[in-house]
Amino acid sequence: MSSTESAKPSKLPPFDATDPLGIDDLLGPDDLAIRDTVRTWAADRVLPHIAEWYEKGELPGIRELARELGSLGALGMSLDGYGCAGASAVQYGLACLELEAADSGIRSLVSVQGSLAMYAIHRFGSEEQKQRWLPGMAAGETIGCFGLTEPDHGSDPAAMRTYAKRDGDDWVLTGRKMWITNGSVAGVAIVWAQTDEGDEGRGIRGFVVPTDTPGFSAPEIHHKWSLRASVTSELVMDGVRLPADAVLPEAKGLRGPLSCLSHARYGIVWGAMGAARASFASALDYARTREQFGRPIGGFQLTQAKLADMALELHKGILLAHHLGRRMDAGRLRPEQVSFGKLNNVREAIEICRTARTILGANGISLEYPVMRHATNLESVLTYEGTVEMHQLVLGKALTGLDAFR
């Protein structure tokens, strides 16, 4: 017997339908503890109520939920200092997966707070801005939002019309932002605007805007059929006067907002797999118990083929998320790689939800099951923070060296 053969374990572990590739072996005790803590919180605080919240199109008690998420260390989770948890990128990803397995709206609340609003201040803000805002945001006492998208400018943020002009030492901010998560409940908004600064004419700058500043309003957007258990708003700036120190000093040009988006897209890579996992688990359980023609439908070849294909894409997506997380932790994650993950994982998650719906039949459209809720939420996730087409073009440019954006 060779030494290699003698080193093999005498007995293989049993097959685990919830972790068929043994991906949990990649996780350490701290990773598992964080994942299990977030999973337990979501099971206790979100899952019993989410169908009702979704049906009513509201997220009641959002401020209390934010404070609870702050106590878990989930807000600004991968940032260091200022009350933030300083967790690894993989640990943050695991939290996103568990939150979106409950609902995309809950994960969006956390992503916008931590990966957009807090990250912008942490990465580009002054020390005074960090000290003023980050501890309260990490605790969930202050909710933040991120204003980049406009009614007429989504995929082309360079053409934004929101404008900040100098008036003495102050800035005066005028414009509108659209589809802003957390906007109506935020205490602080990170708003991006055109200015006359820069060597090449107008330059984009970021501003830290307290939402009680005169001229600022955030009417909530209603009548959504996706992300219904989430606060979505318009931001209106009508001559909002800000002091000179409201500008983010280290953010000049599009590099600032785009780096924030890349950080948030990373969380989506994980989160989409949470929605897919919940839908797959629902379909698998249903297939084992729903009987037709005298036996469970999971015993039919066509149903098993669907389940096998869903499991393949789900766990391939989780492996991809892990890989990107390790690269982020090593400081080696490129924006093109984030586009790779966002494009693949959201697209496959939607397909998993749609296939799960077919297994559940008519029950698949009922809010008694999570599948249709996840499917409709993912339609928003598919296009926010970069549409499919934009991520395809990012990868196309990286692969060919040719810019097809214009």
Determine the interplanar angle of the Tyr369 and Tyr286 rings, folded into 0 to 90°, and report it as parallel if under 30°, tilted if 30 to 60°, perpendicular if over 60°.
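Answer is perpendicular, since the angle exceeds 60°.
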
May I ask you to decide if the ring planes of His315 and Phe280 are parallel, tilted or perpendicular, using 30° and 60° as cut-offs?
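Ring orientation of His315 relative to Phe280: perpendicular.
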
[X] side chain near [Y] side chain, heavy-atom distance below 4.5 Å:
X      : Y      : value
Arg176 : Glu150 : no
Thr355 : Asp309 : no
Ser111 : Tyr119 : no
Gln129 : Val188 : no
Arg241 : Val172 : yes
Arg373 : Arg228 : no
Asp245 : Ser126 : no
Leu261 : Leu116 : yes

So how far is it from [X] [atom1] to [Y] [atom2], rounded to the nearest 0.5 Å?
X      : Y      : atom1 : atom2 : answer
Arg277 : His374 : CZ    : NE2   : 9.0 Å
Leu319 : Leu26  : CG    : CG    : 7.0 Å
Trp225 : Thr376 : CH2   : OG1   : 9.5 Å
Arg39  : Leu47  : CZ    : CG    : 11.0 Å
Trp53  : Leu367 : CH2   : CG    : 14.0 Å
Leu378 : Ser226 : CG    : OG    : 8.0 Å

Does [Y] offer a backbone N or O that forms a donor-acceptor pair with the side chain of [X] under 3.5 Å?
X      : Y      : value
Thr303 : Ile297 : yes
Asn182 : Ala186 : no
Gln194 : Lys165 : no
Arg327 : Arg332 : yes
Lys130 : Gly81  : no
Thr213 : Pro210 : yes
Lys342 : Leu382 : yes
Thr37  : Ala33  : yes
His122 : Asp80  : yes
Arg161 : Pro151 : no

Looking at Thr149, Leu248, Leu254, which one forms a side-chain contact (heavy atoms from CB on, under 4.5 Å) with Trp192?
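Among Thr149, Leu248, Leu254, the one meeting side-chain contact (heavy atoms from CB on, under 4.5 Å) with Trp192 is Leu248.
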
Can you check side chain to side chain contact (heavy atoms under 4.5 Å, CB included) on Glu100 and Asn377, steps first, answer last?
CA-CA 10 Å; Glu100 194 146 355; Asn377 281 339; 5.9 Å; no

Determine, step by step, whether Val209 and Leu173 satisfy the side chain to side chain contact (heavy atoms under 4.5 Å, CB included) criterion, reporting the C-alpha distance in whole Å, the side-chain angles of both residues, the deciding distance to 0.1 Å, and the verdict.
CA-CA 10 Å; Val209 184; Leu173 189 62; 4.0 Å; yes

Within the supplied structure, the quantity of interest is the number of heavy atoms (other residues, nucleotides, ligands) at a distance under 6.0 Å from [X] [atom1]; does it exceed 12?
X      : atom1 : answer
Leu302 : CG    : no
Glu55  : CD    : no
Asp169 : CG    : no
Tyr82  : OH    : yes
Lys252 : NZ    : no
Lys224 : NZ    : yes
Glu127 : CD    : yes

Tell me the closest heavy-atom pair linking [X] and [Y], and the distance in Å.
X      : Y      : answer
Ala42  : Glu98  : CB-O, 4.3 Å
Gly76  : Cys84  : O-CB, 3.4 Å
Ser230 : Leu59  : N-CB, 4.2 Å
Ser115 : Ala264 : CB-CA, 3.6 Å
Ala362 : Arg357 : N-NH1, 4.2 Å
Ala117 : Met137 : CB-CE, 3.7 Å

Electrostatic pair [X]:[Y] at N-O distance under 4.0 angstrom:
X      : Y      : value
Glu128 : Arg132 : no
Glu313 : Lys316 : yes
Glu379 : Arg354 : yes

Might you work through the side chain to side chain contact (heavy atoms under 4.5 Å, CB included) test for Leu99 and Leu109, ending with a clear yes or no?
CA-CA 10 Å; Leu99 291 169; Leu109 164 63; over 6 Å; no

Taking the six-membered ring for Trp, are Tyr384 and Trp179 ring centroids under 6.0 Å apart?
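Ring centres of Trp179 and Tyr384 not closer than 6.0 Å.
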
Do Asp196 and Tyr163 have side-chain atoms, one donor and one acceptor, less than 3.5 Å apart?
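Checked: Asp196/Tyr163 side chains pair up, N/O donor to acceptor below 3.5 Å.
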
Can Gln337 and Tyr266 be counted as having a side-chain donor-acceptor contact under 3.5 angstrom?
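Not at all, the side chains of Gln337 and Tyr266 share no donor-acceptor pair under 3.5 Å.
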
Pair Asp24-Arg35, side chain to side chain contact (heavy atoms under 4.5 Å, CB included): steps then yes or no
CA-CA 11 Å; Asp24 278 4; Arg35 184 191 69 180; 2.9 Å; yes

